[in-house]
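Below, chain A is the first sequence line, B the second, and so on; all start at residue 1.
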Amino acid sequence: MTTHDVTLPSYLEQTPDVRARFRSISERPVVLRVNNLGKTFDSVKGAVQALKQVSFEVHRREFVSIIGPSGCGKSTLIRILAGLEELSAGEILLDDREVNGPGPERGMVFQGYTLFPWLTVLKNVMFGLEVSATSNGITGNTKEQEARDWIKMVGLTDFADSYPHELSGGMKQRVAIARALANRPRILLMDEPFGALDAQTRAKMQSYLLQIWKNVDVTIIFITHDLDEAIYLSDRIVVLKANPGEIQEIIEVPVEHPRSPEQFLSQEFLATKKRLEELIHPPREAEEMLPIIRMTQIGDDVY
Amino acid sequence: MARTRYFIIWKELDHGRRRVLQVFSFIIPLLLWSIISYCPLVWHPMVIVSDPGDIAHFKVDSMIKKEAFYRENAKAVEQHRKPAQGVPANPVYLPAPHEVAASFYKAFVTPPRLPDEPWLHQSLWHSITVILWGFLISSVVAVPLGILCGTYRFFAYLTEPFVEFFRYLPAPAFAALAVAVLGIYDGPKVAIIVIGTFFQQVLMIANTTQRLDPALLEAAQTLGARGIKLFSRVVIPGILPDVYRDMRILLGWAWTYLIVAEVVGNSTGITWFINQQAKYRIYDNVYAAIIMIGIIGLTTDLALAWIGSQLFTWKSKKKSVLSRLSAAYAASSRVKPKLSQEAP
């Protein structure tokens with residue numbers, strides 16, 4: 001709904017490089033397969049369908065974002081993927097095996113940081129290594145060294161012995177990412193991880209995340225309500241609609257890699273954003289007017 | 001302008017003002033007490049006779065109600081006899097601050113009247129042991145049970161309704177029963193404190209446990225923790241500082257049951273001392289003993305608060321004394337490598 005009419009290419013147009021990239025992604029093995037997933041909640045008004053017939057596949061080392069209007073069930077979806085909530089219908093396959101309940105192979109980064117406040121940064125990052133049954137063979141020293149490597153990767157070497165309350169929001173979220181990655185998850189689930197951060201920190205975190213993703217063997221599912229963030233980070237974007245939460249469209253982002261903030265103004269970027277706007281905020285006939293009576297002097301106008 | 005700075009909702013005062021007010025919270029009651037004790041015009045309903053004059057039934061140093069004193073004097077003047085002289089005084093049960101202060105020392109050095117009676121410090125120590133045993137026995141059961149109730153709904157539904165019912169039964173109501181079962185010595189006293197503490201403790205600890213941020217449990221689960229590890233590595237460390245704070249509050253409550261507990265069976269401890277001194281009408285000692293209970297309670301609590309702040313440094317912005325010492329040590333030993341780093 002821009003007032004300036006700019007002719008943009010279709011978001012479906014892809015350069016040969018981008019097309020080749022998507023072809024190579026689709027040839028990679030499928031890590032996560034979601035089949036006809038459904039979720040109904042019991043509420044006082046009866047059963048509410050939060051998610052309906054959600055199906056999609058995520059290939060190895062792909063970056064998939066899930067966006068949608070508020071109330072579309074995107075947080076519910078990722079919580080089901082993490083095993084923190086039960087599904088009502090369908091199935092989730094991780095490497096072709098059905099998953100039940102939470103597990104270390106599906107790491108999660110929450111919006112609210114959720115660092116253990118009584119543990120130092122180092123101990124937080126070591127947490128997964130110490131509790132998960134699979135790492136029982138590793139000695140304490142190796143665990144500590146591994147944790148330190150992850151802390152180094154997110155650039156917090158000097159803060160290894162600090163407690164979470166001594167860190168800024170962005171630093172906390174970097175620790176949370178390191179903590180999740182230290183478990184070597186097959187898939188990293190991120191639930192609006194940068195939602196609580198200010199715009200500058202958020203931009204910085206996005207670029208950190210892209211660097212981490214490039215260098216670590218991990219597949220990422222990323223929930224956000226920020227369209228720019230979704231386009232900037234993702235290979236594909238799953239667009240949900242609300243009531244019930246259903247997939248509207250899965251968009252292949254035509255913006256080339258490596259990504260940089262300059263691309264925010266590129267034609268592909270804007271075309272994708274235009275499409276997302278259309279999907280998420282469908283054009284309405286007239287803007288809703290508030291029943292406000294005029295309470296200012298005549299002539300005292302702001303515009 | 002300066003005045004308004006004291007009265008802003010939620011606004012913390014600066015360090016100096018805070019200290020002054022905290023000191024005043026003790027000075028104000030002391031001041032009131034002093035005014036009543038030292039200003040002859042305030043209250044002073046009695047008169048101490050300094051010269052009985054011609055009134056036959058007045059004696060030097062006897063304490064007489066003011067009205068009676070003036071009535072007798074008026075009568076004496078009427079009959080042309082010499083009136084008595086006296087100074088206004090407060091009743092014997094309200095000693096002046098300096099008398100109580102003196103008896104703080106006096107009470108400790110005065111030997112008991114009977115050879116087999118305990119000294120004051122022995123009475124106090126007896127009270128402290130009764131409290132500690134009661135609190136310990138209660139805690140050993142109530143803390144694990146409370147944590148279980150707060151963690152697993154199973155235990156909560158299985159115990160909490162009964163506990164809710166029982167905590168309304170006043171502990172002193174069990175005094176007679178406790179004596180019948182446990183004899184007349186310390187057993188029933190400890191039991192009263194246990195009954196008074198236990199049920200509140202279970203509910204309080206359960207409540208504290210439930211207030212643990214569920215997001216931390218979820219995060220731990222996505223990191224692979226489950227079952228007993230979730231419990232030992234997330235629930236327990238997460239609630240520890242709050243449980244500690246609860247215990248401080250509960251220990252304070254245990255003290256309030258002490259006086260009741262100590263009259264059960266044969267009277268002992270600080271309560272026995274207070275009652276005994278009241279019987280002898282040495283009220284300055286009574287006040288001294290009561291204030292001593294307050295001082296012991298407050299200093300214990302302040303000490304526990306300080307220990308807590310040292311134990312749970314991750315809660316406060318301050319560093320513990322231990323960690324500051326070790327940091328200082330590390331800094332002093334780090335000086336040399338720093339130089340060698342710059343050399344190449």
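Your options are A:Pro117, A:Gly103, A:Ala82, and the one with the most heavy-atom pairs under 4.5 Å with chain B is A:Pro117.
For the side chain to side chain contact (heavy atoms under 4.5 Å, CB included) test with B:Val234, the passing option among B:Leu223, B:Leu217, B:Ile239 is B:Leu217; the others fail.
In this structure, no portion of A:Leu119 lies under 4.5 Å from any heavy atom of chain B. Residue A:Arg179 touches chain B through both its backbone and its side chain, counting heavy-atom pairs closer than 4.5 Å.
Below 30°, between 30° and 60°, or above 60°: for B:Phe231 and B:Tyr152 the angle between ring planes is below 30°, a parallel geometry.
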Worked verdict on B:Asp242 versus B:Arg245 for salt bridge (charged side-chain N to carboxylate O under 4.0 Å, His left out): CA-CA 5 Å; B:Asp242 292 333; B:Arg245 191 211 49 216; 3.7 Å; yes

From CA spacing to verdict: ring pair (Phe, Tyr, Trp, His ring centres under 6.0 Å), A:Phe194, A:Phe222: CA-CA 10 Å; A:Phe194 310 145; A:Phe222 191 96; 5.8 Å; yes

